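To start, the structure itself, in structure tokens.
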Amino acid sequence: METPPQYKFLIVDDSVFARKNMGKVVEMIGGVVAGEATTGREAIDQYFKLKPDVVVMDVSMPEMEGLEALSKIKEQDKDARVIIVSSLGYEELVKKALSLGAKHFIAKPFQPDKAAEIIRFVLKEIK
Amino acid sequence: MEELSSLQLSEEDIKSLKETFYQQAMELIESLIQEVLSLEEKSDKGDSLKTIKRIFHTLKGDSASIGLKELSSLTHKAEDLLQAVEDGSIEVDGDLTDLLLKTADCINGAIELNLTGKDTPLVPVIAEKIGSFLKGRSIEQHAACSYDAPLVLGEYEKLLLAENRKQGKGIYFVRLHFSADCQMKSAGAMIISQHITGIGEVIKASPPLDDREIESAAIIELIIASSMNAEEVRKFCSIPGIVDEVTAEEFQEQGLAIAHKGALEAKGESARQDKLARSTTIRVESERMDQIMDLVGELVIGRSMIARLFSEFEERFPREEMLGRFAYVNSFIERSLSDLQRSVMKLRMVPIDRVFKRFPRVVRDLAKASNKDIKLMIHGQETEVDKGLVDMIGEPLIHILRNAIDHGIETMEEREALGKERQGTISLEAYHQGNDIIIEVKDDGRGIDVKKIKEKALEKGLISKGAMEKMDDKDAIDFIFLPGFSTAKVVSEVSGRGVGMDVVRSVVDGLRGSVRVKTEVGAGTTFMLRFPLTLAIIKALMFSACDRLFAIPLASVKEITRVFVKEVALINGKEVLRMREKVIPLVRLEEVLNLGSRSRKMDKLFVVIVSIEDKDIGIAVNKLVGEEELVIKSVTDQWVNTNIVGGASILGNGQVVLILNPLVLIKKAGERAVNDELLAANSGQ
């Protein structure tokens, strides 16, 4: 990838490790983590405050508002780019998220380079 | 596949697609039922199972395309069920066929209801049933089956394809290899689908992108319409994390069809496919056909106008040189027109199988309900009959079948005691005889006890005791066609309160047909229905009576005779004729049609003897006009409020001819010249 403009990311996950891990991936592709959130509610707040280019969000959070957050975000900003992260076995959830307008999904556990590829793929849409 | 609503289709297109879907679905359900029923009989069930599965598969895809999600998921479940049967983890037995039949009914109902915009609550119920059937009966899960449905385009997809081609879009055959690390293939498929929607349209996918089979697929084959070129499409379809390898090439229908034909033949399914191909015909609304038929009728009239003009011309200018050329052109038109007429008539002809194929199911269900074992044999289902007949004949036939099952065939125990086979047999047969089509329903049951019928008729005051004793069995059986006449001692659930046979009669009358019953106590009953081959054009004998022109179907005319007025005898004030061994009623049209007496006094008169099912009447006529092929138009005129006139036709000279219904005339004559006296006279021979 040629050096792209610095894209802003919002990472939503209840696990610190997961957020860190994903943060690394974001840096790998030259993005910047503009903010983090641990719940769906936080995610919504952060999204409208930070206006990130991409949201990377775990939908299988315990406080299950991932989907709700996603639909709220899409409701108010239909161009929002949300990438879903999910553990295996939550396929229905992922499909639901996709039907709500998520752009892509990353299955946990993921290899960073593969995840990076997916994020790049989503970023390609931004012209 | 996208829902219709999201396509760039006009409402009319959507409507016509829905119509197509509906018609195809109905046909599929019919063959589904047939195959399920044949499962119970055949020893080698492999082919039927395959066909059933394929039908469910098609229904699944189509209903998804049309937006009937619930139905699509129901058919999907049914497909799973069939897979389990094919794998041998579920056995074919009565429970399975019951469930499959229920599923067929449910799909049928759901589709019909959906057309009226309603949802059916039954769909999830049946889906649930299939689910629990699978769970309860399946020995092993069939998770690891690979998907091998060929990428064959259905009607709907072909339409989409054509639509896209029209818009100048490229059609591509795309093969996607799932990445090894794609763990959620069905979610992946969703992304593929969403992604492609951004550049075009998925016309067909194998396995379907919303299909559970996706999980076990390594490759997805797609047909995509897009304004991009093949290379762009290929690049676009490389989706990291989901798709590793992509090939995209211009789609050629021919190549695919041939490739898959080979594949199908290898699977031994070519026969089925051929069958499908053969049934791929043009569907035309019957209204349009009727319109053409009407127009042909008009043309026939127009031609006979020309013929009349021509003969007038010939009379006036017998030396005219152009006469020969006129004659040539006239006969040319006549020939072409009669060819046209025949061709159009053929258009109206459909195999009677359309009605017959419903019956195995009907008989099976009714037999089950009345706890009898009955085999239905069908012959001559390929016999071609008028579409109008096919539309109308179903109901009366069902009434007859119901009666045969309910009252005709004995219980298994009774049959055994009588030394008959435990299994009763009903045979249904159609065949041509001259200008008629005959439909026979025959059972090997207990037959109709004519004595009981006579008693009942007496009890109901339909006949006098004296007449009853002389009445022959053939006439007595006809009582069953009277409304409310039933000899069934126990009113059963199956044939209700004996209503039905009067329906049979009235429908048959309406179709200008006749029905005859042959019965033998202990051996069975045969209903023989006879109809004219075509309902639109008849060969008729024309005659005038009381200064009006009438016609009567030639098929019913037995003979024409001239009698002296003094030969007409009076019995109880009614005129009768002595014809050889028989006394037959003489009908004067001015009387039955209440036209007022206008016939001139003559000492000799023409009598047309009309005969149906061995019952004769004579119609007094003034003058015979001739035979002609008449295009029947229905009569809605207020003054023709009698069913004696079955229709009308317009002749070349613009004259209107009324077509008489011989059956009604015979009945009327019977009423007038009360049976008693006639019978007395006849037996006095």
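This one's a predicted model, so the numbers in the text were calculated from it and none came from an experiment. To find a chain, count down the sequence lines: A is the first, B the second, and so on, and within it residues start at 1.
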Looking at [atom1] of [X] and [atom2] of [Y], how far apart are the two atoms once the value is rounded to the nearest 0.5 Å?
X: Leu222(B); Y: Leu176(B); atom1: CG; atom2: CG; result: 5.0 Å
X: Glu232(B); Y: Lys235(B); atom1: CD; atom2: NZ; result: 8.0 Å
X: Leu100(A); Y: Ile84(A); atom1: CG; atom2: CD1; result: 8.5 Å

Legend entry - Portion of Ile239(B) that has a non-hydrogen atom of chain A nearer than 4.5 angstrom: both

Inset, instruction - Go through Ser179(B), Ser238(B), Pro240(B), Gly188(B) and name the one with the most non-hydrogen pairs under 4.5 angstrom from chain A. - result: Pro240(B)

Inset, instruction - Indicate the atoms forming the closest heavy-atom contact of Tyr47(A) with Val55(A), along with that distance. - result: CD1-CG2, 3.4 Å

Legend entry - Region of Lys114(A) that comes under 4.5 Å of a non-hydrogen atom in chain B: side chain

Legend entry - Region of Ala102(A) in contact with chain B, defined by heavy-atom distances below 4.5 Å: backbone

